[in-house]
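Any value given below was found using the heavy atoms of this structure, including those in side chains, with hydrogens, waters and symmetry copies removed. Convention: sequence-line order gives letters A, B, ...; per-chain numbering from 1.
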Amino acid sequence: MTDTTHTTQAPDDADILLSVRGLSKQFLTGSGPVKAVEDISFDVRRGQIVGIVGESGSGKTTAGRCLLRLVEPSSGKAIFDGVDLFSLPEKALRAYRRRLQIIFQDPYSSLNPRMRVRDIIGEAIDTHGLAKGAARQARIEELLTRVGLSPEHASRYPNEFSGGQRQRVGIARALAVEPELIIADEPVSALDVSVQAQVLNLIQELQRELGLTMIFISHDLTVVEYLCDEIVVLYLGRIMEQGPARSVYAKPRHPYTRALLATAPVPDPNVRRERVILQGDIPSPLDPPSGCVFRTRCPHAIAACAETVPTRETVGPGHSVACIRQAELAETYQD
Amino acid sequence: MAMSTPNADNHPDALADDIVLRAEDLRTHFIMGTRTAKSVDGVTLTVRRGQTLAVVGESGSGKSVTSLSIMRLLSHPGRIVGGRLLYRMRDGGVVDLATLSDKRMRAIRGKEIAMIFQEPMTSLNPLYTVGDQIMEMIRLHEPISRHEARIRARRMLELVEIPAPDKRLDQYPHEMSGGMRQRVMIALALACNPALLIADEPTTALDVTIQAQILDLMRRLQREIGMSILFVTHNLGVVAEIAHEVAVMYAGRVVEQAPVHDLFARPRHPYTKGLLACIPDAKRDRAEDGTRKMLNPIPGSVPSVLALPAGCAYAPRCPLAEAHCESVPPDLLNASPEHLTRCWRHELL
Amino acid sequence: MAAASAPSVDTPRISTLILQRKTLAIGLAIIVAITLLAVLAPLIAPYSPSKLSIVNRLKPPSSTWFFGTDEFGRDVFSRTIYAGQLSLLVGAAATALAATVGITLGLVAGFFRKADGIVSRIIDAMMAFPDILLAIALVAALGPSLATVIIALGVVYAPRLARVVRASTLVIRELPYVEAARALGVPTWRIMTRHVLRNLVSPILVQATFIFAYAMLAEAGLSFLGVGVSPEIPTWGTMIAAGRQYVGQADWMTIFPGFAIILTVLSLQLVGDGLRDLLDPRLRKDL
Ligand SMILES: Nc1ncnc2c1ncn2[C@@H]1O[C@H](COP(=O)(O)OP(=O)(O)OP(=O)(O)O)[C@@H](O)[C@H]1O
Ligand SMILES: Nc1ncnc2c1ncn2[C@@H]1O[C@H](COP(=O)(O)OP(=O)(O)O)[C@@H](O)[C@H]1O
Ligand code: SF4
Ligand code: SF4
Ligand SMILES: [Mg+2]
Ligand SMILES: [Mg+2]
């Protein structure tokens, strides 16, 4: 098994819609540079849902915003359907804006409070000149129906909706331009479980019926396990582990992934899990640890971990891990 | 309000010995002109000595209003309009918090009952060091010197496992991470050794690895100190980890209370059952070959507290609802001696 | 967590909300009355504002001349309501100019990092000077006339609005709904108007009301100091300036136009405060 994920060349697998290579983003802040995302590479196949998981500050949102060029990446490539999004000039980028869309976490601040739903969705249609007059009206109604709202909702303002309904409006806005890839940044994190289930079902229906490809950003490992085909685990801006969701959940190989899975609360009082409680806090991204960034909290850290930045090693089909001790630790992880 | 000695409020057979707090048909409304938000409208729950009662419910179900009612910290125009809040003081006397004078309530807050909030940043004063805040709290209730208070404060930080406590005492809240601030909040709440701790979503704003640390800490402290905890959360996973008993809230009422194992093994209210069914679970919701099954969401949405249905508030969404449910609000019924449910048709579950 | 009960909010009418806030209602009523008096001056004024009558110089208020007469025997009442036309015009025009310049500068500074450095520095520099000094310098440089007074006051008050707009723009442009618009490819100018400006209507309105009041005061100040509108043109400012020499002898020449200014400025402040309460974000849900 050859590992394609480290090569800087984009693989010429026709199935791959988006191929991210060496994406890094540094923010210059008052207290120094913050490496929000550091050298991340992964592929997104057509029709798949790729989950990006990690705790807050791990760089999930920044990675997503870079892919959409909502912030300018510091380096790297993002080959979308053969074209590097990061080297597109602003003008050419506009055409690609139609093909990639985003859904936001906060259903409250992601809709302009002064615009009616009709205008929020209409703006997307108008920007790309997709429909006019009666056709535009019909399209708006169709989109609202599609996301489980009714056409009468078109003339309402966002504050007249519940969180779940607002999230549906945000989804309708993204769908209005018929995108191929949707980046969903924690789209259900702000919702109650019963509403979350409704929105997750909607996302799946859309993905199936419209053949959408998705990057699903979340910190909820339960949701990701259920929803995603592939998963990418981030910590302090670096990829710790990546692979098919089933393989990563069945055999997590990175100490961080194992800790995350062990601490995610499960709604079953009979589950008495081996609890790997990580000590301490996530270090400041202003001053990340040398070598392996996880070493300050890793229960298996040794002196060598401070020296080398672990490279990603392949441990199974499409499954790779960045830990220098992964091979020896693998033996202790029998289950 | 008439001043009364603890014994005068004593309702001898109102509280069993092992019960610290019992809310009986608590009703707290927000009266805004012509509109009334019945945020809490019939909450009955019981917190047992040395145990954790988790109060779980979706947003707006009245969890925070219940907590604030117990603490009597309701902001205008919120008011307790009915029901009793029987609390057993450390000296054994029973008082009704719902009608206690403000003066006596002040003596109870912090010393008998303490509270921690969801957002540790906004509930700590940004202008004072954490040491000052803990010391002030202690000295408010106990006549001790600053020096002694500082020693106590330092011990509290050690208790909540804050590394380098001497250094941390002199730091300001903004110099700490979210998890560290929540530990400080816990230290602050426990400074006067309360018998009951009310924790309103203390881990909701935290990452899972930090949440695990805080839950672990609270469990350890409960074992060591023996306090009772009323733990508010919307996360059933957290409930499973921390609770001895669970009270499920829906639209301002407790619709079910039961020991945690009973509740998860056999929920006796359709709402609880619906909630458990809609949390994704890859083992249940994905087939062998990995294909996903659709989730089973509860249809519809939570009713507005401004216009609650006349009968069972869950009836519009309930698969078992019948005509009777829509007209008569269900009583709190015993599904088993320890398992209470507000559902006319609980035998069907 | 999602509140599922949103659609049940009652939406009271704007007019009810205004009436509920007494200060706002009173302020608005006075402003409307003053404006009507000024606009309808030709119908209301008993005399022509420029009709000289040497015999009737410096007559005290009476039933013939409600506010008395001035040193040329002109009716002070008629002049006061006529003067309202120009005073209000100066205030309104200066506010409109300040709004145009200020909003543009604020949006540009808030949106474009590069421009922000320069624009912010200009704003800070201008706000470091007392308003009236800056206005005097500008009028002196441009030569006094009605137009230059308006321009000078517009320029002087523009930074106040620019500052408000810039600060809010910086916040709003980071909000997810603006990101969503950018992700859709909506052009920047449309984002500026549809997403940013539309959400700034309330703070701008509040500031503009205050600027209107300041500008009217400043106009009077300039006239009083003799660097404003030419003394022949009746504004409340020029009237007070002319009456200054007769203080003690014919106080009515200064008292009545002075009272007109104070009343207008006060009621504008009432309106501004009232609007601020009305549009306060904590109460906005009611709108
Ligand atoms: N000050 C207030 N004025 C009017 N209504 C209020 C006020 N505070 C709370 N409410 C209403 O009371 C109901 C219960 O609110 P509460 O804060 O207890 O919910 P919760 O269960 O804690 O929800 P969350 O999970 O979002 O914290 C809500 O419908 C809320 O809108
Ligand atoms: N505009 C910004 N300026 C400076 N630092 C930023 C900015 N946006 C994000 N960061 C920093 O980058 C890191 C990653 O943030 P983010 O991508 O939001 O993480 P996540 O979405 O995983 O919570 C954090 O340390 C955050 O503070
Ligand atoms: S490289 Fe070392 S510190 Fe990093 S995860 Fe592996 S064992 Fe832990
Ligand atoms: S009382 Fe009726 S409507 Fe209410 S939960 Fe039970 S079965 Fe459903
Ligand atoms: Mg994020
Ligand atoms: Mg709450």
Side-chain angles (χ1 to χ4, degrees), chain A residues 49 53-58 162-165 188 190-202 204-205 207-208 219-229 244-246 249 256 259-271 273 275-284 297, chain B residues 57-61 161 163 176-180 203 205-213 215-216 233-243 246 259-265 271 274-286 290 292-302 317:
Chain A
I49 305 183
V53 297
E55 294 174 277
S56 67
S58 59
S162 69
Q165 289 175 318
V188 296
L191 306 177
D192 274 315
V193 269
S194 70
V195 186
Q196 170 179 300
Q198 294 172 355
V199 174
L200 282 176
N201 273 358
L202 171 64
Q204 288 185 72
E205 267 169 47
Q207 191 246 344
R208 267 181 219 166
H219 64 260
D220 186 335
L221 285 117
T222 326
V223 171
V224 168
E225 181 180 15
Y226 162 69
L227 190 70
C228 299
D229 304 301
R246 301 182 86 192
Y249 276 89
Y256 179 59
L260 272 187
L261 288 176
T263 46
V266 181
D268 182 352
N270 297 311
V271 176
R273 288 160 302 153
R275 292 186 57 95
V276 188
I277 292 190
L278 294 179
Q279 298 305 308
D281 280 314
I282 305 174
S284 159
R297 301 174 79 201
Chain B
E58 295 184 279
S59 185
S61 56
E161 295 162 11
M176 301 185 162
S177 68
M180 213 52 97
T203 60
L206 305 176
D207 278 311
V208 278
T209 61
I210 310 296
Q211 167 170 283
Q213 293 173 2
L215 292 180
D216 232 39
T233 178
H234 66 268
N235 185 328
L236 282 160
V238 170
V239 172
E241 287 205 11
I242 192 129
V246 191
V260 66
H261 287 275
D262 296 359
L263 186 105
F264 281 90
Y271 175 62
L275 270 189
L276 285 168
C278 67
I279 302 171
D281 174 356
K283 287 184 193 64
R284 180 189 68 203
D285 300 322
R286 286 188 86 155
R292 292 180 295 266
K293 302 176 197 155
M294 284 290 176
L295 299 171
N296 299 304
I298 301 174
S301 57
V302 181
R317 310 171 75 185

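- With rounding to the nearest 0.5 Å, the separation of CG in B:Asp285 from CD in A:Glu225 is 10.0 Å.
- Between A:Pro265 and B:Val239, every side-chain heavy-atom pair lies at or beyond the 4.5 Å cut-off.
- A distance of 8.5 Å separates OG1 of A:Thr222 from CD1 of B:Ile279, quoted to the nearest 0.5 Å.
- Contacts between A:Gln279 and chain B at a heavy-atom distance below 4.5 Å involve the backbone alone (N, CA, C, O).
- No part of B:Pro163 comes within reach of chain A, as not one of its non-hydrogen atoms sits under 4.5 angstrom from that chain.
- If you take CE on B:Met176 and CG on A:Asp281, they are separated by 10.5 Å, rounding to the nearest 0.5 Å.
- Only the side chain of A:Ile49 comes within contact range of chain B, with heavy atoms under 4.5 Å apart.
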Query raised in the report: Between A:Val193 and B:His234, does a side-chain contact (heavy atoms from CB on, under 4.5 Å) hold up when you go through it step by step?
Result: CA-CA 8 Å; A:Val193 269; B:His234 66 268; over 6 Å; no
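- One finds the CD1 atom of B:Ile210 at 6.0 Å from the CD atom of A:Glu55 (value rounded to the nearest 0.5 Å).
- Interface remark: of the candidates A:Ala197, A:Pro269, A:Gly57, A:Pro269 forms the most heavy-atom pairs closer than 4.5 Å to chain B.
- Every residue two or more places apart in sequence or in another chain was checked for a side-chain contact (heavy atoms from CB on, under 4.5 Å) with A:Arg246, and none qualifies.
- In terms of the side-chain contact (heavy atoms from CB on, under 4.5 Å) criterion, residue partners of A:Asn201 (sequence neighbours excluded) are, by chain and number, A:Gln204, A:Tyr226, B:Met294, B:Leu295, B:Pro297.
- A heavy-atom distance below 4.5 Å is not found between the side chains of B:Ser301 and A:Gln198.
- Side chains of B:Glu241 and A:Thr263 form no contact here, defined as non-hydrogen atoms less than 4.5 Å apart.
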